[in-house]
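This report concerns only the one structure given below.
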Amino acid sequence: MKKNDEFELLIHDMTDQGEGIGKQDGFTWFVKDAVIGDRIRARAMKLKKNYGYARLMEVLEPSACRVPERCPVARQCGGCQLQMMSYPEQLRFKERKVWSNLRRIGGLDGLRLPGAESAKQEKCQNAGKNDGEINTDSASVEMEPIIGMENPWRYRNKAQFPFGYGRDGKVKTGFYAGRTHSIIENDDCYLGTEENKAVLKAVKDVMEERGIEPYQEEIHAGLVRHVLIRKGFSTGQLMVCFVINGDKLPYEEEFVERLLRIPGMTSISFNVNRERTNVIMGRRTVHLYGPGYIEDKIGDVSYQISPLSFYQVNPVQTERLYNTALEFAGLDGTEIVWDLYCGIGTISLFLARRAKWVYGVEIVPEAIEDARRNASLNGIENATFFTGKAEEVLPRRYEEYSERADVIVVDPPRKGCDEACLETIVRMEPDRVVYVSCDSATLARDVKYLTANGYQVSRVRCCDMFPMSGHVETVCLLSNRKPDSYVHLNLKMEDYYRI
Ligand code: SAH
């Protein structure tokens with residue numbers, strides 16, 4: 001086989017990034033845009049020793065889970081890796097990914113996929129014997145069904161649109177094509193809110209009428225780099241923030257007047273970013289209209305969100321994710337809880353109303369300021385927030401102040417927890433560790449450490465925060481194996497949200 005050779009391939013699996021995987025004569029091929037179950041004609045593009053990348057030329061026999069792409073630029077854009085897979089199949093794919101990482105990397109041999117027990121019983125009844133495929137020892141745990149969305153579109157409350165010139169010399173906006181900086185024109189992404197289109201039109205109209213230039217990265221010239229749009233789903237409030245390569249937004253009254261015609265417009269600002277950088281936002285924000293923030297609610301906790309604040313992008317699923325974490329935490333009001341990697345304190349505040357005291361730890365100082373402000377906004381007085389690295393703050397508080405924990409919640413970035421953090425967790429001997437993870441490979445690695453040090457996995461549940469993408473969140477409950485830490489988890493989520 002050499003470059004540009006064409007061949008037939010059956011796709012039997014997919015990578016975390018949503019590329020199809022096919023095998024041929026012991027050689028593994030990765031094919032973008034191919035779906036599990038497709039039989040395709042592929043063209044060899046890049047060959048390595050025992051794997052290669054191929055281009056999808058034609059779908060010869062479509063997979064049963066293949067659906068037409070809804071978005072006209074789905075293949076170029078790169079934001080939705082799974083759009084051509086039916087939504088129920090996306091959910092199965094994500095569950096399998098987490099399951100296989102927890103078994104393979106985490107060593108959880110007894111972990112079963114949701115519904116595995118009933119499937120097994122049926123199979124046994126039919127076959128009249130146990131085929132021994134499924135481990136039923138005491139350490140065996142069945143994953144709970146993934147929490148999917150009823151409507152997996154228009155779920156994002158935030159979008160950052162880059163601006164540039166089109167070939168026709170007009171101002172254009174859209175998304176960066178996968179891993180590049182060329183703009184694919186699109187002002188109505190189906191993952192974003194309906195209002196984005198009206199906001200972008202208002203901005204483009206004023207820019208064209210007044211000759212305001214979009215930023216041109218190659219020559220570091222022009223003004224408007226990005227427009228950030230956020231919506232509070234529960235309040236309907238809208239925020240627009242221009243990111244500009246300058247200290248002033250010309251014709252600001254005109255921009256404000258146009259944008260205020262859009263119902264819900266609450267906050268308009270600009271952010272100064274004059275650097276040659278990939279980072280979208282600069283540090284300084286100037287408010288042109290409104291209070292400088294919008295408000296939103298998750299469950300019954302209110303949050304003020306300013307342009308620079310971190311805030312989860314899928315509020316519907318965030319509430320379900322946090323409810324799962326809360327349920328796994330099994331609080332009865334007497335517990336000391338630590339929430340490590342707490343961001344703006346969203347999980348901490350959720351837990352505080354059911355706990356005796358919550359301690360949040362987060363590395364970004366501005367996020368801790370938001371967390372404290374949000375605590376007082378909600379009248380929550382039993383939460384303390386520390387700025388610093390979890391792996392430094394937790395050991396220090398434990399050693400110098402003999403601080404203790406009944407429950408520890410962690411929600412680390414993709415790289416997972418630092419070992420010094422895990423080591424202190426083990427020394428503090430909380431009854432339960434609730435691990436919220438956005439990367440099941442590092443979750444599995446950390447679970448392996450905790451299970452080797454006195455904990456056992458008792459519940460696992462995935463939550464689909466990013467439909468159409470390959471990402472998935474997982475909540476995992478680890479219980480201390482010491483005999484007196486057994487608890488009845490009597491808090492139950494009413495709904496299973498199962499699709
Ligand atoms: N629990 C929050 C945020 C989770 S994102 C929420 O649900 O909204 C992970 C957070 O960990 C980010 O806010 C990031 O700034 C923070 N972080 C990254 N490394 C850290 C470290 N070593 N110690 C503490 N916080 C860290």
Side-chain angles (χ1 to χ4, degrees), residues 147 156-158 230 232-233 279 281 283 296-299 301-306 308-329 337-352 355 358-375 377-378 380 383-398 405 407-425 433-440 442-443 445-446 461-466 471-476:
I147 305 170
R156 285 185 66 98
N157 60 9
K158 170 181 160 181
R230 265 179 164 164
F233 275 26
V279 178
M281 307 287 282
R283 293 193 75 83
D296 196 23
K297 271 185 143 187
I298 299 182
V301 182
S302 297
Y303 300 91
Q304 287 178 354
I305 309 146
S306 45
L308 289 171
S309 305
F310 172 87
Y311 189 61
Q312 295 279 0
V313 298
N314 182 338
V316 171
Q317 292 300 89
T318 299
E319 181 173 352
R320 294 166 177 180
L321 179 78
Y322 292 174
N323 271 327
T324 308
L326 182 65
E327 184 190 327
F328 284 12
V337 182
W338 284 76
D339 177 21
L340 307 179
Y341 313 88
C342 70
I344 60 166
T346 15
I347 297 181
S348 321
L349 300 182
F350 231 69
L351 300 171
V358 176
Y359 296 96
V361 183
E362 161 62 43
I363 198 168
V364 176
E366 291 85 0
I368 289 291
E369 280 169 32
D370 282 343
R372 292 186 180 132
R373 202 185 56 221
N374 286 326
L377 179 72
N378 289 282
I380 292 171
T384 309
F385 293 97
F386 299 107
T387 307
K389 293 184 177 170
E391 60 273 24
E392 290 172 6
V393 173
L394 193 68
R396 196 170 64 236
R397 299 300 305 184
Y398 175 60
V407 176
I408 297 183
V409 178
V410 298
D411 182 9
R414 299 190 73 87
K415 69 178 187 331
C417 294
D418 191 281
E419 198 166 318
C421 176
L422 294 174
E423 195 194 314
T424 312
I425 291 176
V433 176
V434 179
Y435 199 128
V436 182
S437 160
C438 57
D439 184 325
S440 55
T442 55
L443 165 71
R445 179 200 67 201
D446 294 349
R461 186 159 204 190
C462 300
C463 181
D464 189 22
M465 299 278 275
F466 308 104
H471 299 289
V472 59
E473 293 273 327
T474 308
V475 190
C476 182

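Both ligands and their constituent atoms are indexed starting at 1 by order of listing. Along the sequence shown, residues carry numbers from 1. This structure is a prediction, so every number in the text was calculated from the model and none was measured.
Tyr341 CE2, 3.7 Å is the protein heavy atom nearest to atom 21 (C) of ligand 1. What sits closest to atom 7 (O) of ligand 1 on the protein, heavy atoms only, is Tyr322 OH, 2.5 Å. Taking atom 23 (N) of ligand 1 as the reference point, the nearest protein heavy-atom neighbour is Ala390 N, 2.8 Å. Protein heavy atom in closest approach to atom 12 (C) of ligand 1: Glu362 OE1, 3.5 Å.
Which of Val393, Asp418, Ile363 comes nearest to atom 17 (N) of ligand 1 through a heavy atom is settled by distance: it is Ile363. Nearest to atom 2 (C) of ligand 1 by heavy atom, out of Cys342, Gly345, Cys421, Pro412, is Cys342.
Ligand 1 is approached by Gly388 to a heavy-atom distance shorter than 4.0 Å. Under the 4.0 angstrom criterion for non-hydrogen atoms, Ala367 is not in contact with ligand 1. Tyr311 does not count as a contact of ligand 1, since none of its heavy atoms falls under 4.0 Å from the ligand.
Listed by number with element, the atoms of ligand 1 under 4.0 Å from a non-hydrogen atom of Thr346 are 6 (C), 7 (O), 8 (O).
Counting heavy atoms closer than 4.0 Å to ligand 1, residue Asp411 contributes atoms from both its backbone and its side chain. Proximity of Val364 to ligand 1, defined as any heavy-atom pair under 4.0 Å, is confined to the side chain (atoms from C-beta onward).
Under 3.5 Å, the side chains of Asn157 and Tyr311 contain no donor-acceptor pair of N or O atoms.
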